[in-house]
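Since the model is a prediction, treat every value here as computed from it, not as a measurement. We count ligands from 1, going down the list as the structure has it; atoms in each ligand are counted the same way. Side-chain atoms are counted along with the backbone in the values below, which use heavy atoms only and exclude waters and symmetry mates.
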Amino acid sequence: MTADLAFGPDFRWGVSTSAYQIEGAVTEGGRGLSTWDTFCAEPGRILNRDTGVVACDHYHRYAEDVALMRDLGIDTYRFSFAWPRIQPTGKGPAEVAGLDFYDRLIDALLEAGIQPAPTLYHWDTPQPLEDAGGWLDRDICDRFADYAGILAARFADRVPMWITINEPMVITLMGYSLGAHAPGKELLFDALPVAHHQLLAHGRAVQALRAGGAANIGIASNHAPTWPASDSVEDKEAAQLYDNLINWLFADPILLGTYPSGFDAAMPGPVSDDLAVISTPLDFFGINHYAPVSVGAATGQADTAATDGILLPPGLPFEPRELSGYPKTDFGWPIAPAAFGEILRTFKDRYGDRLPPIYITENGCSFDDPVDDQRRIDYLDGYLRALKQAIDDGVDVRGYFQWSLLDNFEWAAGYSQRFGLVHVDFDTQVRTPKASYHWFRDVIRQSRIHQSRG
Ligand code: GBH
C-alpha cells in the first residue's frame, strides 16, 4: 500500500504546530498579552467566540503530546516559541519561566529521539509591540533580532533546525490588509510595508541566530500556484499580478535579493540595503502548501471574489474565483495534489542554483471525521505521491512536516476546523489518534526501510 511512498532513509518526517493554536495557559509563566489574545476578545472576530485561552492545554500536557509523537515515529517536531512568553512586552530581558517551558519541551523531545525545529514567530505578536505600530513600524525588526539572539543563546546547543517566521504573506494579507486575523487592520495595499518589515526581520533574525551559534536556518513561507481563470489575456494578467502578491513578493527578496518589478517603490526604508539583509543565504527554504487559487480579471460585479472566505472589497485589479472541478476539504479548499508538484517545480525553475534544499514545513487538511478519517488518508496519500514525483523530477526536498499533530485553534475559524492526526475532545482534553495517525506511522516506517527510486 505504502511501499511506493519510499523517500529513503535520510528523508525527514515531522508534524507542525504553533504556540497560540495549542498551548493555552495564556496567563501562566509570566506570559504577556499577544495580538491574538486581544483579537479573540473582540466580539465578531472568531467563529463562536472561540479563543486560545485553553486550546489543547499543551502547556501542561506537552509530555503526553511528545509521547504521541514518539509513537508516531517522527524524527522532527516543528513548533513555535510564543514571543510573549519569552519577552512579555516584546523587548527587554527574557522571562525565565517562558524559557524554562521550552527548555522542558526541548529536553522531552530530545529524550524521545525527536529533533526540535522551532519557529520564532507564528503570528502571536506581543501586544505592546503592536500598540507601537507592529509590523508597520521598522523598529520591530530590531526587536525581532534581539528576540532571536535570546533564543540562540539559550537553545542553540540543543536545537538543530530553526525557522524564523511563519507565512509572512498571511500576516500581511489577513492581518493588515483584510483584517480577518489579528491585528484586524484593513489597509489593503497600504499593508505592503508589513511584508517588507517581516522580510527584513527575517534577515536580521537569520544573522542574529547565526551570531548566537545556531545553524540550519530557514523560513516557512506559504506558496501555491495561481491559475488564471481562463486563457484570456486579461485573466492571465490579473493572475500574474496576484501571483506576484501572494508568492514572489515574499520568495524573490529572500532567494534573489529583488522584489518583483514595481514593488520596490511601495516599500519603506533603504530598500536596496534592506534587500541585502533579506537575502542572507539560508540553509533551507520551508514551503507550506495547501491549495491553488484561481484568479481572473476584475469584472466590477465581484460579490463572490474571496480569499479564504474573506470577501474582497470592490475596485481591485483581480478577482480570486471559485475553483470548480475539484473535491474540497471541509474548509472548502480544493484538493489538487498536482498543484503541489507544480509549485515545487516552479521553485526549481524560477530559482535554479539560488534555491537551497526545500522542506515542506506544512501540508494538511481539515476534515471533521472524528477518528475514522479515511478522507485525510486519501488527501495525504495524494499529496505525498505528488511530492515523490516532484523529487523524482529533480526538486531537492529533504523533509515533510504534516499540519497538524492535534486538532487545534484554527484562527478565525476557532475550533470548527479539525486538521489533526489526533482528535482532541475540547471539553475533556482527551486525545485519540485517528486512522490517519496510524496510516502516517506506517508510511514513515516503510519509507525508511525502502530504497528511494530517486
Ligand atoms: C497555515 O495557514 C498556518 O500556518 C497554520 O497556522 C494554519 O492552522 C494552517 O495553515 C491551516 O489553515 O484559496 O480558499 O483554497 C494557511 C494559510 C490557507 C492561505 C489556504 C491560503 C487558500 C485557501 N493558507 N489559503 S483557498
**Request:** Using the ring-ring contact (aromatic ring centres under 6.0 Å, His included) rule, pick out the option among Y102, Y20, F101 that qualifies with F81.
**Result:**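 Only one option passes, and that is Y102.
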**Request:** Sort out the contact shell of ligand 1: every protein residue with a heavy-atom distance below 4.0 Å, listed by chain and number.
**Result:**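 Its neighbours under 4.0 Å (heavy atoms only) are Q21, H122, W123, N166, E167, V170, Y290, A291, V293, D308, W333, P334, E362, W403, E410, W411, F419, given by chain and number.
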**Asked** In terms of ring plane angle, is the pair Y242 and F318 parallel, tilted or perpendicular, where the classes change at 30° and 60°?
**Response** perpendicular
Could you tell me whether [X] and [Y] make a salt bridge, using a distance below 4.0 angstrom between a side-chain N and a carboxylate O?
| X | Y | result |
| --- | --- | --- |
| D146 | R143 | yes |
| D373 | R418 | no |
| R376 | D369 | no |

**Item:** Inter- and intrachain pairs under salt bridge (Lys or Arg N to Asp or Glu O under 4.0 Å), touching residues 169-179, at least two apart
**Value:**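 Every pair satisfying salt bridge (Lys or Arg N to Asp or Glu O under 4.0 Å) with a residue in residues 169-179: there are none.
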